[in-house]
Amino acid sequence: MMHGLWLSFLIWIPVLGGMLLLLPGWKTPILRRSFALAISLVTFALSLWVWFHFEDRTAAMQFVERVPWIPLLNANYHLGIDGISLPFLVLTTFSTVLVVLAGWRIVDYRQAGYFAAFLIMEGFMNGVFSALDGLLFYFFWEAMLIPMFLIIGIWGGPRRIYASFKFFLYTFLGSVLMLVALIYLGQRVGSYDLLAFQRAPLGLGVQIWIFIAFLVAFAVKVPMWPVHTWLPDAHVEAPTGGSVILAAIMLKMGAYGFLRLSLPIAPDASRYFAGLMVALSLVAILYIGFVALVQTDMKKLIAYSSIVHMGFVTLGFFALYFMMGALTTEAARMGVEGGIFQMISHGLVSAALFLSVGVLYDRLHSREIGTYGGVAKVMPAFGALFVFFAMANVGLPGTSGFVGEFQVILSTWQANPWWSLGAALNLVIGAGFTLWLMKRVVFGPVQNEAVSGLPGLDWRERLVLFSLAVPVLVLGLWPAPVIDVMRSSVAHLVRQALATKIG
Amino acid sequence: MMMGLVVTIVLLPLAAAVLTGLAGRAIGRRLTQALTIGAVGLSWVLSLLLLEQVIGGARLDRILYTWMVSGGVRFPIGFLIDPLSALMISVVTFVSFAVHVYSIGYMRDDPGEIRFFSYISLFTFAMLLLVTANNFLQLFIGWEGVGLVSYLLIGFWFEKPSASAAALKAFLVNRVGDCGFVLGIALLLHETGSLNYSALFAQAPTLVGQTLRLGFGLHLPVLDLIGILLFVGAMAKSAQIPLHVWLPDSMEGPTPISALIHAATMVTAGIFMVARLSPFYVEAPGALSVILVIGSLSALFMGLLGIVATDIKRVIAYSTLSQLGYMTAALGASAFAAGIFHLVTHAFFKALLFLAAGSVILGMHHEQDMRKMGGLRRYMPITYATFLIGSLALVAFPGFSGYFSKDALIEAVGHSRIPGAGTAYLLLVLSVFVTALYTFRMFFMVFHGEERMDAKTREHLHESPWVVTLPLVLLAIPSLGVGWILFHPLLGGGYWGGGLANVAGNPALAPFRKESAWQFFLGAFTSPTFYLMLAGIGVAAYGYLLRPRWPAAVADRLASVYRILLAGYGFDRLYLWFGTRVSPGMGRFLWRHGDEQAIDGLAVNGTAHGVGRIGSWVRRMQTGLLYQYAFTLVAALVVLVFWALVRSPGGILG
């Protein structure tokens with residue numbers, strides 16, 4: 001098994017790189033941009049190195065680093081990853097490269113700060129995915145909010161102040177409760193080791209309070225209905241890059257929290273609340289699906305679509321407590337694997353959709369669906385890519401969007417056929433809101449002079465969109481590599497989640 | 001060896017599609033045509049080789065690669081080659097080849113020509129993936145793949161709002177079916193633990209009599225439920241009532257597409273699927289009854305719509321709906337062999353009819369309204385002759401391929417003992433008359449009678465170029481002959497070799513086991529369906545050749561019936577109302593009242609205001625009065641002590 005400072009590199013190289021960018025003395029903007037790109041590429045390469053040296057036959061933590069951090073509290077700088085966190089590290093570093101490329105020419109206001117914010121945020125997000133110490137986890141969790149807050153607040157749209165405060169308050173209020181729960185656990189266990197938290201026996205009453213505290217933090221991040229209303233506002237006001245990271249990575253933090261903290265630390269409470277979680281997931285899938293249908297702002301529509309897709313994730317996770325029949329744990333594993341795969345796929349697809357909207361926005365400065373129409377006529381290559389990503393959003397087989405939804409629908413049947421039906425209805429509703437968007441924006445007659453004068457994709461936009469199209473297609477044709485990486489860890493997690501900790 | 005052959009057949013069209021799709025503009029239209037036609041043509045030749053091996057007894061059931069393993073379930077990509085899939089591969093590649101060639105002429109001068117060829121090759125690939133699958137994952141991938149290409153091709157002229165609307169409609173209606181289909185897969189996975197066909201076939205007998213508790217007092221037989229859920233998918237793909245609404249609108253696509261996708265191949269995917277799963281469906285009689293009823297209803301009621309349509313492509317589309325109903329009814333009667341037989345003959349003569357109609361449309365400068373045609377036989381002799389052959393095959397005139405399959409099918413339903421077969425038989429016999437009526441109404445309106453086009457169109461009327469007429473001739477040959485050749489092997493059971501269930505011992509097919517094609521041909525003249533068919537042609541001749549004013553008078557007399565038929569029984573209006581009024585209305589309600597008023601208005605902004613109010617309250621507390629501060633301190637202490645009590649061992653939380 002691998003050791004070494006690889007995870008620290010993944011965290012601190014981008015953070016340091018971002019800080020260097022903020023120093024005065026950079027001669028030209030192009031130099032700064034190139035530096036930012038270089039840092040993001042190095043980090044991405046490192047994460048790939050980690051991927052290929054990861055041992056997927058074990059659920060044990062790998063690339064572990066552990067040094068004392070705050071001895072007074074017995075908190076450690078403790079890092080490590082398993083098959084659940086690994087795909088998210090790669091997704092984070094990959095998305096950051098794309099965001100840097102996508103912001104290349106578009107952002108000219110305080111460019112250094114813009115790139116620095118994304119690099120620093122990348123490091124902190126990697127920190128969340130590799131932290132094994134409760135306080136460290138909380139530190140990264142809160143730290144990553146600050147760059148995003150600034151990104152929306154400085155480079156955002158006209159209502160950026162309202163949106164950034166709504167974003168910050170929503171997510172910050174949630175995480176405060178998580179801190180309380182973590183401190184309580186730290187006091188009780190005697191250290192902040194997350195793995196020790198997972199092993200510690202806890203009564204149902206305590207578990208319930210802990211689960212609620214975590215739930216508030218994570219549900220806001222996912223976001224789950226009814227604490228989702230910050231997301232459309234944040235997306236609408238965020239610059240393209242901000243939307244990409246928000247959708248691709250930040251939304252995954254909540255669901256990741258369920259896997260890393262809620263299910264293994266409070267399994268009995270998770271079982272206790274599983275019915276509620278399933279209900280909220282189904283509400284997200286059905287209720288939000290209809291809301292997405294009537295959006296007139298492209299970014300809002302995709303934001304609502306994200307909430308629908310994250311509903312599949314939480315459904316896959318929490319249906320595991322209801323599995324019946326001979327294949328209980330198998331079905332539970334399929335649901336969790338499906339949920340995680342859905343997170344990865346959604347990271348790619350929603351990033352691609354927001355970047356596609358960004359392509360249009362950069363040209364006409366409008367996100368309104370009504371501004372467009374007949375784009376395929378003027379920008380054929382872009383039209384093809386946009387439709388491809390829309391099809392992935394619809395969950396068409398052969399794209400990554402299909403895999404997770406399929407797994408969740410198949411496994412949920414073993415819990416309750418009606419829930420499976422509710423999830424399957426998204427086949428129709430999801431296709432409805434996504435392809436209706438395509439009909440109005442990409443197809444139809446060329447709407448106006450502005451559209452007919454749209455310039456085609458430049459090489460940089462092509463590069464970015466193709467870099468996303470390839471993994472979306474490849475993972476759709478062959479999802480096995482990602483599933484294989486997480487299998488042992490998911491099996492371990494399902495065992496933890498189904499066990500009882502009531503002493 | 002055989003695996004390599006299959007993989008080559010399937011992947012050739014994909015390679016052509018990808019190459020021309022990505023680099024089409026660089027390599028030009030000529031090379032694009034050559035590549036795609038070459039690939040599909042080669043696939044066809046190889047498919048004949050495969051067919052020969054299969055007739056010689058070769059079989060294949062092998063996994064190509066593992067897509068993934070999740071929750072202990074293997075999701076494979078693999079092939080099942082037996083008489084059924086080999087037959088389907090040959091039909092698909094042959095019709096696709098003919099359509100490719102035809103498109104050279106039909107799509108000439110269209111700016112999207114290259115894209116078009118890339119799409120139809122991609123379609124061929126997806127269809128081949130579907131018919132060669134040995135498991136439900138691959139079946140579903142192909143299933144959705146053909147749906148995707150169908151969407152792209154219906155909306156091919158995407159600048160036309162009606163085309164992109166029809167494409168969206170087709171996709172959504174198919175998705176409704178897929179919803180059922182996916183749940184069917186979920187249930188069978190739940191019961192068998194595997195996605196392979198073979199697992200379902202092996203375990204189906206042991207599942208007989210088992211029920212699934214769905215709550216609400218619902219206890220449904222597992223096998224019937226699987227069968228019906230999967231059939232919901234087939235209802236959408238094969239356009240059966242009430243999920244048929246997308247097919248007439250799909251005529252917005254270029255005509256070659258209507259021939260290939262919306263007549264000969266893709267819409268038969270549902271029929272194929274049920275036949276493919278025949279060893280399982282014979283164990284699910286409840287599902288078969290549902291299939292039988294839906295099929296026979298579609299056969300009659302969709303045929304009736306053909307009588308009032310005036311767009312030539314729509315008439316053929318309604319006839320497709322009706323013929324698919326026939327096939328479905330045969331499956332429901334568990335005469336799977338008869339259903340597939342009709343699928344094959346129909347693929348040829350319906351592709352022929354569509355392509356011939358396309359030739360007419362070309363001649364008429366993209367006019368599709370039959371009321372503006374007439375007398376075309378003088379201008380387009382080859383189109384006329386081939387259209388006549390197609391029509392005679394469609395109405396099941398003795399000796400033409402459609403006769404062998406359709407009359408055998410009707411007879412098989414008549415002999416079936418599945419509940420509902422009696423009514424189904426009656427509906428199917430009645431629609432023989434209807435089929436003849438609408439077919440020859442169309443035939444006479446287009447090729448005979450008064451020339452109703454304007455002078456300018458008439459001046460330019462001429463026969464289409466050879467790339468258009470050659471495929472017509474190519475397809476006319478099997479429309480004439482294939483019934484004679486296939487009748488005995490397909491219905492007598494010699495061909496299937498156990499690949500299709502319920503061929504050998506099926507009472508519904510018993511009459512054909514001893515009969516030769518010639519005997520069956522002679523039997524036509526003593527059968528009532530023959531005279532019903534003649535009556536249909538006769539009525540059409542009377543109304544559209546002899547007394548052209550008569551049809552309008554009848555329509556006047558039966559005005560209410562006429563209106564119902566014109567409106568297609570109101571399905572479209574209902575769905576349109578649901579899609580454009582109810583769903584967005586619900587969405588808007590949930591958005592405005594749920595998200596904005598309840599959640600944001602009360603909870604979020606309410607909290608913000610609440611914080612503000614607390615803030616001003618706190619401000620008032622900073623009074624500078626010592627006693628107040630001291631009091632607050634004490635109060636805080638009390639709270640802390642209480643907290644310590646609560647969380648101590650033995651406390652409330654301990």
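Bear in mind that the values here come from a model prediction, so they are computed numbers and not experimental data. Naming: A, B, ... by sequence-line order, numbering from 1 per chain.
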Of B/L148, B/N174, B/V73, the largest count of non-hydrogen pairs under 4.5 angstrom with chain A goes to B/L148

Okay, A/V394 and chain B: the region with an atom under 4.5 Å from a heavy atom over there is both

When rounded to the nearest 0.5 Å, the distance separating CZ of B/R175 from CG of A/L435 is 8.0 Å

- Has the side chain of A/W413 got a donor or acceptor atom that lies under 3.5 Å from a matching backbone atom of B/L183? no

Among B/I141, B/V176, B/L187, the residue with the most heavy-atom pairs under 4.5 Å to chain A is B/L187

side-chain contact (heavy atoms from CB on, under 4.5 Å) filter on B/R74, not counting sequence neighbours, yields B/I63, B/T66, B/V69

| field | Non-hydrogen side-chain atoms of A/F341 and B/M68 separated by less than 4.5 Å | value | no

>> Using the rule given for side-chain contact (heavy atoms from CB on, under 4.5 Å), can you reason through B/L168 versus A/F443, listing the C-alpha separation, both sets of side-chain angles and the distance that settles it, and then say yes or no?
In response: CA-CA 11 Å; B/L168 180 62; A/F443 301 130; over 6 Å; no

query: Just wondering, more than 12 heavy atoms not from A/K300 lying within 6.0 Å of its NZ?
result: yes

One option among A/A376, A/G374, A/G335 has the most heavy-atom pairs under 4.5 Å with chain B, and it is A/A376

Closest heavy-atom pair, A/E337 versus B/G71, reported as atoms and distance to 0.1 Å, is OE1-N, 3.3 Å

Counting heavy-atom pairs under 4.5 angstrom with chain B, the leader among A/V490, A/V403, A/V387 is A/V403

The reported gap from CD1 in A/I483 to CZ in B/F75 (rounded to nearest 0.5 angstrom) is 8.5 Å

Turns out that what part of A/F402 lies under 4.5 Å from chain B's heavy atoms comes down to side chain

When rounded to the nearest 0.5 Å, the distance separating CG of A/L421 from CG of B/L214 is 10.0 Å

Full working for side-chain contact (heavy atoms from CB on, under 4.5 Å) between B/F158 and A/M438: CA-CA 11 Å; B/F158 56 81; A/M438 289 302 113; over 6 Å; no

Residue pair B/H190 / A/S420, side-chain heavy-atom distance below 4.5 Å:
no

So, the part of A/V482 with a heavy atom under 4.5 Å from chain B: the answer is neither

Applying a strict 4.5 Å limit to non-hydrogen atoms, the region of B/L218 in contact with chain A is side chain

Under 4.5 Å to a heavy atom of chain B? For A/P380 that would be side chain

Between B/P584 and A/L293 the two heavy atoms that sit nearest each other are N-CD2, 4.1 Å

So, the part of B/R25 with a heavy atom under 4.5 Å from chain A: the answer is side chain

Cut-off 4.5 Å, heavy atoms of chain A, and the answer for B/I77 is neither

Next on the checklist: Test side-chain contact (heavy atoms from CB on, under 4.5 Å) on B/L152 and A/M391; report intermediate values, then the result.
Outcome noted: CA-CA 11 Å; B/L152 293 173; A/M391 283 297 169; 5.8 Å; no

Applying a strict 4.5 Å limit to non-hydrogen atoms, the region of A/W418 in contact with chain B is side chain

Does the gap between the ring centers of A/F406 and B/W67 come in under 6.0 Å?
no

- Message: Within a 6.0 Å radius of atom CH2 on B/W157, are there more than 12 heavy atoms belonging to other residues, nucleotides or ligands?
- Response: yes

Assert top hit (heavy-atom pairs under 4.5 Å, partner chain B, pool A/G444, A/G289, A/A491) equals A/G444

Under the side-chain contact (heavy atoms from CB on, under 4.5 Å) criterion, do B/D595 and A/H228 qualify, and how do the steps go? CA-CA 9 Å; B/D595 270 30; A/H228 64 279; 2.7 Å; yes

Ranking B/G585, B/A163, B/S164 by heavy-atom pairs under 4.5 Å to chain A gives rank one to B/S164

Quick note, side-chain hydrogen bond (donor to acceptor under 3.5 Å, both in side chains) partners involving residues 421-444 of chain A, not counting sequence neighbours, are A/N393-A/T434

Cut-off 4.5 Å, heavy atoms of chain A, and the answer for B/F216 is side chain

Okay, B/V173 and chain A: the region with an atom under 4.5 Å from a heavy atom over there is neither

When rounded to the nearest 0.5 Å, the distance separating CG of A/L396 from OH of B/Y151 is 11.0 Å

The interface call for B/A165 against chain A, heavy-atom contacts under 4.5 Å, is both

Output for pair (B/F171 CZ, A/L427 CG), nearest 0.5 Å, gives 8.5 Å

Okay, B/L129 and chain A: the region with an atom under 4.5 Å from a heavy atom over there is neither

When every non-hydrogen atom of A/R333 is compared with those of B/G72, the smallest separation belongs to NH2-N, 3.8 Å

Shortest non-hydrogen pair, B/P161 vs A/P445, comes out as CG-CD, 3.9 Å

The interface call for A/I429 against chain B, heavy-atom contacts under 4.5 Å, is neither

